[in-house]
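Chain letters run A, B, ... following the sequence lines, proteins first, then strands; residues in each count from 1.
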Amino acid sequence: MPELPEVETVRRGLAPALVGATIARVELRRHDLRFPFPQRFAARLQGRRVLDLRRRAKYLIADLDDAHSLIMHLGMSGSFRIDDDTPGVFQHKRDKSAAHDHVVFHLDHGKRVVYNDPRRFGCMLLIPTHAIDEEERFRGLGVEPLGDALDAAFLAGAFQGRAAPVKALLLDQRLIAGLGNIYVCEALHRAHISPLRATGLLVTASGRPTAALARLPQAIKDVLKDALEAGGSSLRDHRQIDGSLGYFQHSFRVYDREGAACPTPSCKGTIARVVQSGRSTFYCPRCQK
DNA sequence: ACACTATCCTGCAGGC
DNA sequence: TGCCTGCAGGATAGTG
């Protein structure tokens with residue numbers, strides 16, 4: 001479900017409840033998500049205070065007071081909510097989505113944080129805080145798209161000589177960490193680059209970014225910032241922690257808009273849908289070259 | 001190395 | 001109404 005703007009929205013919503021709080025008890029309602037939970041997961045979290053809640057790529061990182069960090073990934077359908085911790089009573093008791101409330105963090109201040117994930121593609125890990133950067137899954141992560149490291153020269157270096165379509169490389173977390181299907185489609189439209197374009201063709205013979213590629217980093221940053229400001233995109237699962245919906249989906253220019261008119265001023269194109277590496281791509285064949 | 005597929009899992013929308 | 005198919009915001013093991 002969530003890409004960088006949604007994960008960051010979740011982080012901002014959870015932080016006031018989690019940071020500084022002590023975990024009184026953890027209720028594990030199944031033994032695995034995408035992977036089995038770590039050994040003695042609930043016991044190891046009990047009594048720990050949360051020092052900070054950070055984000056790296058699409059991961060949430062809760063630093064604990066025992067020099068370990070709780071790493072959380074929401075997969076496609078993971079979400080958090082905060083409930084009053086009324087004993088035994090679940091807010092969504094009659095709702096069948098309660099069947100997918102997999103982890104409940106009971107906090108010392110009378111609230112509980114509930115992790116819900118129907119498809120269970122999410123995961124939670126516990127690793128020593130100092131070892132996060134060396135951890136296999138983090139070591140391989142690419143640059144943060146909102147950071148200074150993402151610029152045209154960086155992309156030119158990564159794209160040079162490669163035949164893969166630009167959409168595929170932008171989705172590759174080893175290159176840029178945090179983009180997903182929505183924001184890649186949206187950024188490419190803003191930059192007027194076709195998602196089908198071979199990446200190598202966006203680099204000149206001397207290894208410099210073409211004019212089109214030069215537009216891409218800012219297009220990526222702009223769409224992420226706009227989405228963050230809107231609280232992310234709510235298609236089905238994502239909500240802000242207070243329960244309100246993100247509203248960036250109303251600002252999509254191409255995503256999920258097959259057949260609609262291209263929003264580019266004076267472009268008379270129609271948004272098309274194609275499938276690339278098994279996933280829907282939306283773009284305007286007329287103004288994205 | 002690289003490009004692409006299949007796969008994990010559930011829910012939902014659409015066609016018949 | 002039910003049954004079927006395909007699709008969904010991610011990541012990764014496996015294939016040529």
Could you tell me the separation between the [atom1] atom of [X] and the [atom2] atom of [N], rounded to a whole number of Å?
X        : N      : atom1 : atom2 : answer
A/Gln276 : B/dA3  : CD    : C1'   : 12 Å
A/Glu186 : C/dG9  : CD    : P     : 12 Å
A/Leu224 : C/dG9  : CG    : C1'   : 13 Å
A/Asn116 : B/dT10 : CG    : P     : 13 Å
A/Asp117 : C/dA11 : CG    : P     : 13 Å
A/Glu258 : B/dG14 : CD    : P     : 14 Å
A/Gln249 : C/dA8  : CD    : P     : 17 Å
A/Met76  : B/dC12 : CE    : C1'   : 13 Å

Contact list for residues 156-168 of chain A, test side chain to side chain donor-acceptor pair (under 3.5 Å), sequence neighbours left out = A/Lys167-A/Asn181, A/Lys167-A/Thr281

Those residues of residues 155-180 of chain A lying under 4.0 Å from DNA chain C by at least one heavy atom |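 Within this stretch, A/Gln173, A/Gly180 sit under 4.0 Å of the strand.
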
Nearest 0.5 Å please: distance from the OG atom of A/Ser77 over to the CG atom of A/Asn116.
->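 Going from OG on A/Ser77 over to CG on A/Asn116, the span is 8.0 Å.
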
What distance do A/Gln249 atom CD and A/Ile182 atom CD1 have between them, rounded to the nearest 0.5 Å?
-> 8.5 Å

Distance-only polar pair, side chains of A/Ser244 and A/Asp242, donor-acceptor under 3.5 Å | yes

Got a list of side-chain donor-acceptor pairs under 3.5 Å for residues 200-210 of chain A, not counting sequence neighbours?
unit_1, atom_1, unit_2, atom_2, d
A/Thr204, OG1, A/Ser206, N, 3.4
A/Thr204, OG1, A/Ser206, OG, 3.2
A/Thr204, OG1, A/Arg208, N, 3.0
A/Thr204, OG1, A/Arg208, O, 3.2
A/Thr210, OG1, A/Leu202, O, 3.2
A/Thr210, OG1, A/Leu213, N, 3.2

Considering just the side-chain nitrogens and oxygens of A/His73, establish if one lies under 4.0 Å of OP1 or OP2 belonging to C/dA11.
-> yes

Has A/Ser280 got a side-chain N or O lying under 4.0 Å from the OP1 or OP2 atom of C/dA8?
-> yes

Name all pairs fulfilling the ring pair (Phe, Tyr, Trp, His ring centres under 6.0 Å) condition that reach into residues 122-173 of chain A, sequence neighbours left out, sorted by first residue then second.
-> A/Tyr59-A/Phe138

Ring pair (Phe, Tyr, Trp, His ring centres under 6.0 Å) contacts in which one or both residues fall within residues 266-289 of chain A, not counting sequence neighbours =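 Listed by first then second residue: A/Tyr255-A/Phe282.
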
Just call it for A/Tyr255: base, sugar-phosphate, or nothing, with non-hydrogen atoms closer than 4.0 Å on any strand.
->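 The answer is sugar-phosphate, as A/Tyr255 gets under 4.0 Å only of primed atoms, P, OP1 or OP2.
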
Of A/Lys58 and A/Arg273, the one whose closest nucleotide on DNA chain C sits nearer the 5' end is A/Arg273

Starting at the 5' end of DNA chain C, which residue's closest nucleotide do you reach first, A/Arg279 or A/Val275?
-> A/Val275

Show the distances under 3.5 angstrom between N or O atoms of the protein and N or O atoms of nucleotides 6-9 of chain B.
unit_1, atom_1, unit_2, atom_2, d
B/dC9, O3', A/Arg120, NH2, 3.1
B/dC9, O2, A/Arg119, NE, 2.8
B/dC9, N3, A/Arg119, NH2, 3.4

Which whole number of Å gives the distance between the P atom of B/dT5 and that of C/dC7?
-> 14 Å

Take atom C1' in B/dG11 and the same atom in C/dT12, then report the distance between them in whole Å.
-> 23 Å

Could you tell me which residues satisfy ring-ring contact (aromatic ring centres under 6.0 Å, His included) with A/Phe37, sequence neighbours excluded, listed by chain and number?
->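 Per chain and number, A/Phe37 pairs via ring-ring contact (aromatic ring centres under 6.0 Å, His included) with A/Phe41.
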
What dot-bracket string describes DNA chain C from 5' to 3', counting Watson-Crick and G-U wobble pairs whose defining distances are under 3.5 Å, with [ ] for crossing pairs and | for pairs to another strand?
-> .|||||||.|||||||

Only pairs at least two apart or in different chains count here, so list each salt bridge (charged side-chain N to carboxylate O under 4.0 Å, His left out) that has a residue in residues 113-126 of chain A.
-> none

Could you name each residue pair satisfying salt bridge (charged side-chain N to carboxylate O under 4.0 Å, His left out) that touches residues 181-204 of chain A, not counting sequence neighbours?
-> A/Arg190-A/Asp226

Listed by chain and number, what are the salt bridge (Lys or Arg N to Asp or Glu O under 4.0 Å) partners of A/Arg11, not counting sequence neighbours?
->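 Partners of A/Arg11 by the salt bridge (Lys or Arg N to Asp or Glu O under 4.0 Å) criterion, ordered by chain and then number, come out as A/Glu8.
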
Could you pull out all residues at least two apart from A/Arg139 that satisfy side chain to side chain contact (heavy atoms under 4.5 Å, CB included)?
->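 So A/Arg139 forms a side chain to side chain contact (heavy atoms under 4.5 Å, CB included) with A/Glu136.
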
